Undergrad: 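Questions regarding the structure given below will be posed in turn.
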Number of protein chains: 2
Amino acid sequence: MTRADAVRNRRLLMDAATAEFAENGMDVSITRIATRAGVGKGTVFRHFDTKEQLLAEIFSDRLEELVAAGECLSTADDPGAALLEFMTIGTEIQARDRSFCQAAAALSRSEATVRASRERLADVADTLVARARGAGAIRDDVTGLDIVLLLSAASQAVLSLGGPGGENPSLWQRYLAMIFDGLRPGPTHPLPVPAPTRAQFTG
Amino acid sequence: MTRADAVRNRRLLMDAATAEFAENGMDVSITRIATRAGVGKGTVFRHFDTKEQLLAEIFSDRLEELVAAGECLSTADDPGAALLEFMTIGTEIQARDRSFCQAAAALSRSEATVRASRERLADVADTLVARARGAGAIRDDVTGLDIVLLLSAASQAVLSLGGPGGENPSLWQRYLAMIFDGLRPGPTHPLPVPAPTRAQFTG
DNA sequence: ACCTGAACACCGTTCAAGT
DNA sequence: ACCTGAACACCGTTCAAGT
């Protein structure tokens, strides 16, 4: 049987790692995480095969947060506003978490739990896009996967300023607004390259 | 006097580091770079105070590439097309270089040489934006700094797919096109947050 | 069953010894 | 004046020894 202190330590480690990764990015040391959790650093590797897997677990949690929000928005009154809200939540999560973008680029296909969350994220994005398109709120050459990939864009733009968005923590809203204006219907230019396929995304 | 082998080694190191950073990101080991250059790893630290400074030197070179391209485009016939071309070149540089985005986020203010290049980049972006606005090619609430920050956006979107854009190496063009459509004049929404100041960018 | 810290192979960086 | 590799303090990861 799994012991009581084991489940407690696992939770302490998840909490400590979540906070440290968010504050300092994915390069924080395991020792630092273990110390913050109040356990020996050997304990980290009893609960997680590798540092990458620990990061994946947390990254997956964040993705599920976004999936849950997206599912709520799937039945909202205004499909266009719902899609914007979905992108807002997704971008805000990244703006608050230094490790999110790094994890998105570094983990991509590796861990199974991440793959599953990404699949669900793509599903809910497809739903939101379909509804928004039906309402005429967005151009019709944009796909759900496009939306998922664009989630990183606005928060990344801000990183060039320095820190975790140290000063100007809400600047991402400006670039999200610009990007969303590019998704609107109207006199758009044809896109030069076809949308990525689901297979490319899932890996 | 600086010896002949010293200037030769410095060039070999810059070339090796440029290639390795582009291919494998900024986490490649100094040993690997030194080996590729054909020198002992102690030599790296004779030419560059730190790994970060070596990265900064290369990053700065890339920025100057873009500045030079921007200066050419400052006198182009079609100011709107010139701005798009500037963003295309900037995004392509990043799509080809795994370390560029990482360096942009990690170095930001630290190194003096980077600061100078960023300043010149902001200058040329201001010029291009002013001309494009004069020609009515873009909305009038977009600044030169906005353009600089948005350069990272399109290439970052693609990173969620995995690798250095392993498969689908031209997908960034799709997202750059969308983003550029968001910069066009017309029925845009007001931006929720003011543009960043030059001081914030320069650090 | 689980925790722990010493031990290992790496990393970036320093520096005494060479030419 | 510069090059070099051994030496140092770290890192992620493993594992024998404890409870």
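Proteins come first, then strands; the chains are lettered A, B, ... in the order of their sequence lines, and each starts at number 1. Hydrogens, waters and symmetry mates are skipped; everything else that's a heavy atom, side chains included, is used. Please read all numbers here as calculations on a predicted model, not as lab measurements.
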Undergrad: Of B:Arg32, B:Arg36, B:Arg98, which meets salt bridge (Lys or Arg N to Asp or Glu O under 4.0 Å) against B:Glu23?
TA: B:Arg36
Undergrad: For A:Asp61, check salt bridge (Lys or Arg N to Asp or Glu O under 4.0 Å) against everything at least two apart and list the hits.
TA: none
Undergrad: List the residues meeting side chain to side chain contact (heavy atoms under 4.5 Å, CB included) with A:Arg10, not counting sequence neighbours, and say none if there are none.
TA: A:Met14, A:His47, A:Phe48, A:Glu57
Undergrad: List in chain and number order the residues that pass side chain to side chain contact (heavy atoms under 4.5 Å, CB included) with B:Leu145, two or more places apart in sequence or in another chain; answer none if no residue qualifies.
TA: B:Ala122, B:Thr143, B:Pro196, B:Arg198, B:Phe201
Undergrad: Once salt bridge (Lys or Arg N to Asp or Glu O under 4.0 Å) is applied, do any residues pair with B:Asp146, and if so which ones, sequence neighbours excluded?
TA: A:Arg174
Undergrad: Between B:Lys51 and B:Arg3, just flag the one whose closest nucleotide in DNA chain C comes earlier from the 5' side.
TA: B:Lys51
Undergrad: Holding to salt bridge (Lys or Arg N to Asp or Glu O under 4.0 Å), I want the full list of residues that pass it with A:Glu64, two or more places apart in sequence or in another chain.
TA: A:Arg120
Undergrad: Taking only residues two or more places apart in sequence, or in another chain, which ones meet A:Ala56 in a side chain to side chain contact (heavy atoms under 4.5 Å, CB included)?
TA: A:Leu107, A:Glu111, A:Val114
Undergrad: Give every residue pair that meets the salt bridge (Lys or Arg N to Asp or Glu O under 4.0 Å) criterion with at least one member in residues 72-86 of chain B, sequence neighbours excluded.
TA: none
Undergrad: Applying salt bridge (Lys or Arg N to Asp or Glu O under 4.0 Å), name anything that partners B:Asp181, two or more places apart in sequence or on another chain.
TA: A:Arg139, B:Arg184
Undergrad: Toward the 5' end of DNA chain D, which comes first, B:Asn9 or A:Asp27, by nearest nucleotide?
TA: B:Asn9
Undergrad: Heavy atoms of chain A, cut-off under 4.0 Å: which first and last nucleotide of DNA chain C, 5' to 3', fall inside that, if you could look?
TA: C:dA1 to C:dA7
Undergrad: Which dot-bracket string fits DNA chain D when only Watson-Crick or G-U wobble pairs with both atom distances under 3.5 Å count, crossing pairs get [ ], and | stands for a partner on a different strand?
TA: ||.|||||...|||||.||
Undergrad: Please list, by residue number, the residues of residues 28-41 of chain B whose heavy atoms come closer than 4.0 Å to an atom of DNA chain C; answer none if no residue qualifies.
TA: B:Val28, B:Ser29, B:Ile30, B:Lys41
Undergrad: Residues in side chain to side chain contact (heavy atoms under 4.5 Å, CB included) with A:Arg133, at least two apart?
TA: A:Val129, A:Ile138, A:Asp140
